[in-house]
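Just so you know, ligand 1 is whichever comes first in the structure, and atom 1 is the first atom listed for that ligand.
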Amino acid sequence: MKHFWYKNAIIYSLDVETFMDSDGDGIGDFAGLTNRLDYLSGLGITCLWLLPFYPSPNRDNGYDVMDYYSVDPRLGTLGDFVEFMHEAKERGIRVIIDLVVNHTSDQHPWFQAARSDKNSKYRDYYVWSENPPEKPQAELIFPGEQDSIWEYDEQAGAYYLHNFYKEQPDLNISNPAVREEIWKIMGFWLELGVSGFRIDAAPYLIEPYGIDNPDMKQLCSFLPQMREFVAERRGDAILLAEANVAPDKIPVYFGNGDRMQMLFSFLLNQHLFLGLARKEAASISEGLKLLPEIPHTGEWLNFIRHHDELTLDQLSEDERKEIFAAFAPEENMQIYGRGIRRRLPPMLGGDPRYVKLVYSLLLSLPGTPLLRYGDEIGMGDDLSLEGRTSVRTVMQWSGEKNGGFSTAPQEALAQPIISKGEYGYERVNVIDQQRDPNSLLNWMERLIRTRKQYPEFGKGKWRILETDHSSVFAHCCEWENRAIIALHNLADQACTVTIKSNDCKMKHPIEVLADHEYEPLDGDLNSIQLEAYGYRWFRVSSVG
Ligand code: GLC
C-alpha cells in the first residue's frame, strides 16, 4: 500500500524558543522558524514536531500549559502560527504538535477555579485526596527534583495529584467533561492545519497512577475515543504516543489499529545504546525482537536522542552501568539514576565516523526516524547547565555573535549558546558546514535523500541477517518486491563479513550508500568489507 505518509517521513523536532529569534529579544519565535523553513526543506525533512509553544510559566520547558488555545506571546501570535503553517505547507512540510493533557500548569484558570471553590465544575477536572497514599520514592519521575506525587493545597484544603512537578496538577481523565475539553483542543489545532499530535506522557493518561477506585472502563476507552475524534476531523492526522513501557504493555497503545499510529521506540533506543557500548550487534537484534507485531497502520518512531534524558530504565542495572561506563562515565553526565543528559557527538568522543554510523543506523532501522535540531551539524551539550537543560541550548547557525541565533545580549537568550570548546558555535555551525562539502550537514542531507528513496525501511517487513562477525548488525527490509540490505560495523576495527547464505539468497546488490568508496561486490553478498564504524546499504534486485 502506498499511503501512510508517516511511514516514509523524516521527522525533525524543535523548540520554537531555541531555534531562531527574528526580533532580537533573545527568544526564538514563529517568524524566525518560518524564515528557516527553506533550510529545513533543503535538509529534506518532511514533518516537524514542535515542542509545546503555548502560554506557560515555563516550570517544565512549556510542558506546563496555561492556555491550550494560544501561542506563548514570547514566541509570537496565533497569526504568526498560521503564517508558519501556510509556509510549511507550501514546502510540503507537515507539522505535528505536542498535546500535553495529562496535566495543566497550576496557573491554568481551571486549576485556579478548582482550588478556590469546592463546588466549581472545575474541581473534578483534577484528582484530589484527603489522605493520599505514599508512592515509593523509586517510582518518582524526577527523583531528586520531586519528593512526592501529592501536594497539599492550602486554598483547596486537600492534596492534589501531580505525577510530574508539583506545578503540574494531573487532569482527571475519567471525567467526561475533561475529555470534551481535550477533543475541543485537538479540534482547534486540527482546524489550523496540524497533521497530528505527540501525546505527552501517554501511560499516565490511561493508567490509574495514584488514583483510588479508578474508573477503568473510562480510562481504557480514552485512546480509541481520541483516535475516533481525530479520524473524523482529519483522516490523515496521526497520534504519536510517548510511552516508555514494557513490551507486554505496547499493544494497549496500538490496539487493533484503532488507537495510536505511532510510538516512540524506547526499547530499541535503549538496546541500540547497549549494542554500541558492547560493540555487539546482538543487543540491537534483541531490541528489535522485543517489539511485538503491530497493526499494519502502526509504525515505530526511532530516535537517538530527544529533549529529555536518554533514559535506560528498561535495561538491567548491569546493562545500564555498561552504557554509563562507555558514554557517560562522570556522575554529572548522568541523571535521575537512570539516564544520560548528553547529546550524541560528545558521548562518542566527537569521532565523526562513529557519529555517522549511528545516524546511518537510525535512518535504516525499521520504522520512521526522528532527528532533533542541531543533530545535523553535530551540536554538543553544556553540562554546566541544570538537569535536562544541558541538551537544550540554542541552535548554532553561524560563527557570528550568539551563533547567529539572536542579536540580543547573550544574557537575554532563552537558553544559553555553547560558545566554548570543540562544540562552540564558532566551530560547529550551519553556515560553515554548508560551505564544506565534507561536513556532517552535507552528509546528513545525502543520508536523508537516500533514506527517502527506500520506503522499504519504513513500510517493509524486516529480517535480521546473521553474519560471521558479532560486531556487524545486518538487516534486510522488503516491501512490494523491493528489498534493501544494510550493514553496520559497531566496532572500531575494519572487517570482512559474509552473510550466512541461508539467510540471504539475494543477488545483484547495488550499493546505494556507504561510509567509504569500496570495491564493488561481485554479485553475491560474500566477503563484504567494512571499515571501522563502516556502513553500507545495498539495493538488492531479486528475492529468493
Ligand atoms: C514528557 C516530556 C518531558 C516533560 C514531561 C511532563 O515526558 O517529554 O519533557 O517533562 O512529559 O510533561
Donor-acceptor contact below 3.5 Å, side chain T368 vs main chain A9: no
Distance-only donor-acceptor check, side chains Y126 and T104, under 3.5 Å: yes
Filter the ligand 1-protein atom pairs down to N or O on both sides and distance under 3.5 Å, then list them.
from     : atom 1 : to   : atom 2 : distance (Å)
ligand 1 : 7 (O)  : E242 : OE1    : 3.2
ligand 1 : 7 (O)  : E242 : OE2    : 2.7
ligand 1 : 8 (O)  : R198 : NH2    : 3.0
ligand 1 : 8 (O)  : H307 : NE2    : 2.8
ligand 1 : 8 (O)  : D308 : OD2    : 2.5
ligand 1 : 9 (O)  : H307 : NE2    : 3.1
ligand 1 : 9 (O)  : D308 : OD1    : 2.7
ligand 1 : 9 (O)  : D308 : OD2    : 3.4
ligand 1 : 9 (O)  : R388 : NH1    : 3.2
ligand 1 : 10 (O) : D60  : OD1    : 3.1
ligand 1 : 10 (O) : D60  : OD2    : 2.6
ligand 1 : 10 (O) : R388 : NH1    : 3.0
ligand 1 : 10 (O) : R388 : NH2    : 3.3
ligand 1 : 11 (O) : D200 : OD1    : 2.8
ligand 1 : 11 (O) : D200 : OD2    : 3.2
ligand 1 : 12 (O) : H103 : NE2    : 3.0
ligand 1 : 12 (O) : D200 : OD2    : 2.9

Test salt bridge (Lys or Arg N to Asp or Glu O under 4.0 Å) applied to R388 - qualifying residues, sequence neighbours left out: D60, D308
Test log, rule side chain to side chain donor-acceptor pair (under 3.5 Å), inputs D98 and Y63: CA-CA 9 Å; D98 239 294; Y63 282 93; 2.8 Å; yes
Rounded distance [0.5 Å steps], CG in D106 versus CG in D153: 8.5 Å
Option passing side-chain contact (heavy atoms from CB on, under 4.5 Å) with I45 (candidates L14, L37, I10): I10
